[in-house]
Amino acid sequence: MLEKTFDPKSVEPRLYDAWETSGAFSPDAAPADAPAYSIVIPPPNVTGSLHIGHALNNTLQDILARYHRMKGEAVLWLPGTDHAGIATQMVVERKLAAEGNISRRDMGREAFVDTVWKWKAESGGQIVRQLRRLGASCDWSRERFTLDEGLSAAVRKVFVQLYREGLIYRDKRLVNWDPHFQTAISDLEVEQKEVDGAYWHFAYPLADGVTYEHPIAFDEDGKATGWETRNYIVVATTRPETMLGDTGVAVHPDDERYAGLVGKAVILPITGRRIPIVADEYADPEKGSGAVKITPAHDFNDFGVGKRAGLAAINVMDAFGRITAADAPEVPADYEGMDRFAARKAIVARAEEEGWLKEVEKTRHMVPHGDRSGVVIEPWLTDQWYVDAKVLAQPALKAVEDGSTVFEPKSYEKIYFEWLRNIEPWCISRQLWWGHRIPAWYGPNGEIFVAETEAEARAQAGDLPLIQDEDVLDTWFSSALWPFSTMGWPEETADLKRFYPTSDLVTGFDIIFFWVARMMMMGVHFMGEVPFRRVVINGLVRDEKGQKMSKSKGNVIDPLEVVDELGADPLRFTMAILSGTRDIKLSKQRIEGYRNFGTKLWNAARFCQMNECRLDPAFDPAGAKLALNRWIRGETVRAAREVSAALDAGRFDEAANALYRFIWNVFCDWHLELAKPVFQGADEAAKAETRAMTAWVLDQTLKLLHPVMPFLTEELWAQTAAFSGVTRETLLISAPWPQLPDSYLDAEADADMGLVIAAVSEGRSVRSELGVPLSAKPDLYVTETSDRAREVLAANAAVISQMLRVGAVRFEAAPQGSAPIVLTGAALALPVAEFIDVAAESARLMKELAALQDTVEKTRKKLDNADFIARAKPEVVEETRGRLAEAEAAHAKLSAAVQRLEGLA
RNA sequence: GGGCGGAUAGCUCAGCGGUAGAGCGUCUCGUUUACACCGAGAGGGUCGGGGGUUCGAUCCCCUCUCCGCCCACCA
C-alpha cells in the first residue's frame with residue numbers, strides 16, 4: 001500500500017540518479033531521425049548560488065525539455081556557467097582580503113588569475129549541483145564554461161574577424177569609468193540613481209575688461225525692463241570639481257543676452273586659465289543662466305560641444321577619481337590627489353570665500369552609478385575597444401521584424417526594437433584580469449596587430465617587439481556567442497548542425513539588452529542564422545508584497561530550503577502557475593498549497609490502489625460502455641489538449657491551471673466519487689471497466705503532469721506499475737506524450753454525466769441551505785423530466801442516492817412542502833418539510849426566481865430588438881433564444897413550486 | 001522628457017466584443033475508510049472615472065486619474 005503522503009526527501013535523489021544514468025538527459029538516446037529540440041541555459045555566474053530567479057527560469061526550461069522529450073524529440077538542454085568578469089574578480093579579491101592575503105596588485109596578474117582558477121575548481125560548481133536538486137534534466141556531458149578552451153578560441157576568432165571587418169575598433173573617447181574597480185563599463189552597466197545634490201552657480205570673470213548689460217527685471221510678458229552691467233558670466237554646475245577642466249563657456253547662438261560675448265573669453269577661477277565663450281545649440285537659454293561651462297574631458301555632452309567648437313579636452317582626474325595636475329599644470333598643487341568629492345567641497349568653499357559663488361540651489365537629480373560597485377561613475381577620457389553595434393544591429397532587427405525569431409510575450413519585441421534602433425557603440429574592453437584577454441598586440445610606436453594567437457601577431461609584426469593588450473573583454477562578449485560557441489564553433493560539429501538554431505531561449509526581461517540582443521547580433525552575423533527561434537521571457541520573482549527579494553530586507557525565499565522542506569515539485573508547480581505575470585509574487589503559503597495538490601494526486605493513486613484499479617495493457621479505452629467512463633475519457637482528452645496547447649505556446653501558467661483543474665476538480669472531485677458506488681456495487685462488468693478506465697486516466701495524468709512535477713509522477717509511475725503487476729518499458733521521463741484521438745470524445749456521455757453532476761450539485765446546495773442534517777435521507781422525487789433525462793437519472797440512481805445522501809429516486813409527484821431543484825431537462829424535489837423554515841425557503845426561492853426573472857427580461861428585451869435580430873450573428877441569436885426558453889421553463893417550474901410552498905404556509 | 005505595461009471579488013490574477021471567472025483568504029456545516037496537506041455549501045464585483053464606436057463594450061477607440069517598469073537626462 002502507498003504511504004499516506006509522498007516523501008520527496010528520500011525519493012528525489014534516487015530518481016534523479018535513475019534519470020541521469022538512463023541516458024534520458026542526452027539527445028543521443030533519441031533516434032537519429034527524431035526532430036531536434038534545443039535550449040541553451042542562460043549561464044549562471046560561476047560565483048553564484050541558486051536563487052529563486054534561477055529556480056523560476058530553470059523550471060520553465062526543464063518543463064519544455066521534458067515535454068519535448070516525451071513528444072519523441074531529440075532534446076538538448078545545454079548547461080554551463082559564465083566566468084562573470086567583475087563579479088568573480090570581486091569575490092576572489094574579497095576572499096583574499098578576508099583571509100589576510102596579499103592584494104591582487106601585489107600578487108601580480110598571473111598569480112591572481114591562477115588563484116581565481118583554483119577558487120573556481122573548488123567552489124565554482126556549486127550552482128550546477130544545485131540545479132540538479134530542482135530536477136533539471138540538462139545534458140551534463142555537454143556542460144560548458146565561458147572561459148574554457150573551446151569558448152576562448154571562439155572569442156578570439158570572433159574578435160579578429162570583427163576587427164578585420166572594421167566592426168571592432170579602438171578609439172579614444174569618454175567612457176563610463178568606475179573608479180572603484182578602475183575599469184571602463186558599458187552603458188548598460190550604469191544605473192541612474194536619484195540623489196540629493198545642488199546647482200552651484202559660479203561667476204566666471206570676463207577677460208580683457210569686457211562688460212555687458214544683463215537683464216535683471218522683467219514685465220508680465222517676460223520682457224526685460226531693467227539691466228545691470230556685468231563683468232562676469234554666470235554658469236551653474238552639479239559637479240564643481242570639474243571646473244578645473246573647463247575649456248570653454250557655451251551660450252546659445254540665438255541668445256541675445258550673450259550675443260556680444262561670443263568670441264570673448266573668461267578667466268577660469270582657481271586655475272587662471274583663459275577660456276573662450278563659444279556659441280553652441282547645446283546651451284539651453286531656458287536653463288539656469290543660459291550659459292554653460294564646458295568640460296570636454298569629463299562630460300559626455302561637453303565632449304561633443306568641445307569637438308564642435310575646437311576646445312581642448314583637459315583631464316583633471318586619475319583612475320581613482322582623484323584630482324591630478326598631470327595633464328593640467330595650472331591646477332594648484334593643493335588639489336593634487338584630492339578625492340573628487342573632497343575637491344567639490346574645497347572648490348565651493350573657495351568660491352564662497354573669493355566671492356564668485358552666486359547661488360546654491362538644492363535639488364535632487366539622477367546620477368550614474370556602477371551597477372556592481374555602487375560608486376558614482378566618472379566620464380573619463382581613455383583608449384578602449386568598441387564594437388560597431390549599429391551595423392550588427394540591423395540584421396538582428398530584421399530577424400525579429402520578419403518573425404525568424406519571435407518573443408513570447410510578443411510585447412517584448414518593442415523593447416528589443418527600441419534599444420537596437422538607438423544602439424550606441426559597445427565598449428568591450430575592461431581593465432580587469434579575469435576574462436578573455438584581448439587578442440591585440442602593440443608595437444613600440446603604437447602599431448596594432450590583432451590575431452588569434454601571439455605567433456600570428458608576431459608573423460604580422462615582423463621583428464617588432466610586441467606587448468599584448470592588458471585588458472580583457474566584457475563578460476557579455478563571450479556570452480553573446482553562447483548558442484554556437486557551446487556547440488563547438490568554429491568547428492563544424494554535429495551538434496551545431498543538429499541543434500543550431502536553438503528552439504527556445506528562456507530568460508528574464510532584465511537581460512534582453514545585455515544578452516538576448518547581443519546573441520542575436522553575433523548569431524546572425526557569424527552563423528548566418530538566428531540563435532533561437534523563440535524567446536520566452538519570464539518575470540521577476542518578488543515577495544508576496546511585490547517587493548524585490550533581498551538579503552538586507554530579509555524577505556528572500558531560498559529555493560533550496562523550499563526543496564528541503566516541501567520538495568522540488570511544489571516549487572516547480574508554483575513557478576509554472578505564477579509565470580504568466582511580469583512580477584511574480586511568491587509566498588511560502590502558495591507553495592504549500594501546491595504541495596497539497598501533489599498530495600491530492602498521491603492520495604488519488606492510493607485510492608486507485610485500494611480499489612484495485614490496475615493498469616491493463618490490453619485495455620482499450622475506445623471500448624468503454626458506461627457513460628461515466630466515456631465521459632472521463634473525453635475529459636482526459638480535453639485536458640491533454642489544453643496542456644499541450646499551453647506548453648506549445650509557452651504558457652506555463654495555463655498548462656498548470658489546466659492540470660490543477662483536471663486532476664482536482666474533475667478526476668478527484670467527480671470521477672472518483674462517481675466511481676465509488678460502482679466499486680461498491682455488484683455489477684462486475686461495470687466494476688472491471690471502471691477500474692481499467694480509472695487506471696488508464698491516472699496513467700495519462702502522470703504523463704501530463706510529469707514535465708511540471710517530475711519526481712512525484714515518476715514515483716507514482718513506478719508504484720502504479722508495481723501494484724498493477726505490470727512492467728514499464730521506460731521511466732516516465734522517456735514515456736510518450738499522450739496523443740489521444742477525437743473518437744475518445746463523447747457528447748452523449750458528457751450530457752448524461754452533466755445531468756448527474758448537476759443533480760448532485762444542486763441537490764447539495766439545497767440541502768445545505770435548508771440545513772438538512774446529513775443523517776436525514778429523504779427520497780428524491782423526479783417531478784418533471786424528458787425521456788432521456790428519466791433514463792439517465794434512473795440509470796444513475798445509485799450514484800445520486802449515495803452522493804446526495806438521499807433514499808430512493810422516485811419518478812412521481814413530490815409530497816407537499818418539498819424543496820424544488822430545477823435542472824435543465826428535469827425538475828427534482830426533496831421532501832424535507834420538517835427541516836424547512838418556510839420563510840427562509842420562500843426567501844431562497846424568491847431570490848432564485850428574481851434572478852431568473854431578470855434573465856428572462858433581459859433576454860426578451862434583446863430579442864425584441866429588431867437591430868439585434870438583423871445584425872447579430874445568427875448563432876448568437878439562436879443561442880439567446882435557447883437561453884430565453886430555458887430561463888422561462890425554469891421560471892415556470894419554480895413559480896409552481898413557490899405556489900405550493902405558499903399553500904403550505 | 002520619451003516609451004511600454006497595468007487598474008476586474010478582501011488578496012493575487014485569468015478572461016479581452018455576445019449569460020463576469022479561478023486560486024487563496026472569509027463565513028457555515030462535516031471526521032461518509034483516498035486525502036483535514038480533506039470534503040460539502042455560502043457570501044463577495046456600478047470589470048479605475050468620463051466620452052465615443054457597435055444591435056451589444058470588462059473587452060475596440062479617445063480622454064482623464066492613479067500605479068509600475070524601461071530608456072534618456074549631472075548647466
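A, B, ... follow the sequence lines: proteins, then strands. Residue 1 opens every chain.
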With a 3.5 Å cut-off and just heavy-atom distances, do the side chain of [X] and the base of [N] make a donor-acceptor pair?
X        : N     : value
A:Glu673 : B:A34 : yes
A:Arg606 : B:C35 : no
A:Lys414 : B:C4  : no

* To do: Measure from NZ on A:Lys600 to C1' on B:C37 and round the result to the nearest Å.
  =>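 The distance from NZ of A:Lys600 to C1' of B:C37 comes to 10 Å, rounded to the nearest Å.
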
* Asked: With ring centroids as reference points, do A:Tyr412 and A:Phe407 lie under 6.0 angstrom apart?
  ->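 Aromatic pair excluded; centres sit 6.0 Å or further apart.
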
Salt-bridge criterion met for [X] and [Y] (N-O under 4.0 Å):
X        : Y        : result
A:Arg638 : A:Glu642 : no
A:Arg595 : A:Glu592 : no
A:Asp653 : A:Arg651 : yes
A:Arg308 : A:Glu281 : no
A:Glu673 : A:Lys676 : yes

Students often get this wrong, so: under 4.0 angstrom with heavy atoms, is [X] touching a base, only sugar-phosphate, or nothing?
X        : result
A:Ile415 : nothing
A:Pro379 : base
A:Arg764 : sugar-phosphate
A:Arg767 : nothing
A:Ser768 : sugar-phosphate
A:Val367 : nothing
A:Cys668 : base
A:Lys873 : base
A:Lys676 : base
A:Ala283 : base
A:Trp664 : sugar-phosphate
A:Leu804 : nothing
A:Tyr282 : base
A:Met610 : sugar-phosphate

Across all strands shown, which nucleotide pairs with [N] by Watson-Crick or G-U wobble geometry, both distances under 3.5 Å?
N     : result
B:U12 : B:A22
B:U53 : none
B:A7  : B:U65
B:G39 : B:C29

* Asked: Can you name the one residue among A:Arg340, A:Lys293, A:His298, A:Arg344 that meets side-chain hydrogen bond (donor to acceptor under 3.5 Å, both in side chains) with A:Thr242?
  ->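 Among the candidates, only A:Lys293 passes.
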
* So, is A:Tyr660 near the phosphate of B:C24, with a side-chain N or O under 4.0 Å from OP1 or OP2? ->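 Yes, A:Tyr660 has a side-chain N/O under 4.0 Å of OP1/OP2 on B:C24.
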
* To do: Determine: side-chain N/O of A:Ser765 to OP1/OP2 of B:A42, distance under 4.0 Å, yes or no.
  =>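 For A:Ser765, the contact criterion (side-chain N or O under 4.0 Å from OP1 or OP2 of B:A42) is met.
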
* In residues 880-887 of chain A, what residues come within less than 4.0 Å of RNA chain B, judged by heavy atoms? ->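 Contacts with RNA chain B under 4.0 Å: A:Arg883.
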
* For B:C66 and B:G45, measure between their P atoms and round to the nearest Å. =>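 27 Å, rounded to whole Å.
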
* Give the B/S/- string for nucleotides 8-16 of chain B, one per nucleotide from 5' to 3', where a protein heavy atom under 4.0 Å of the base yields B, of only the sugar-phosphate yields S, and otherwise -. => ----SSS--

* Measure the shortest side-chain to side-chain distance between A:Val708 and A:Phe652 over non-hydrogen atoms and say whether it is less than 4.5 angstrom. =>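 They are not in contact (no side-chain heavy atoms under 4.5 Å apart), so the answer is no.
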
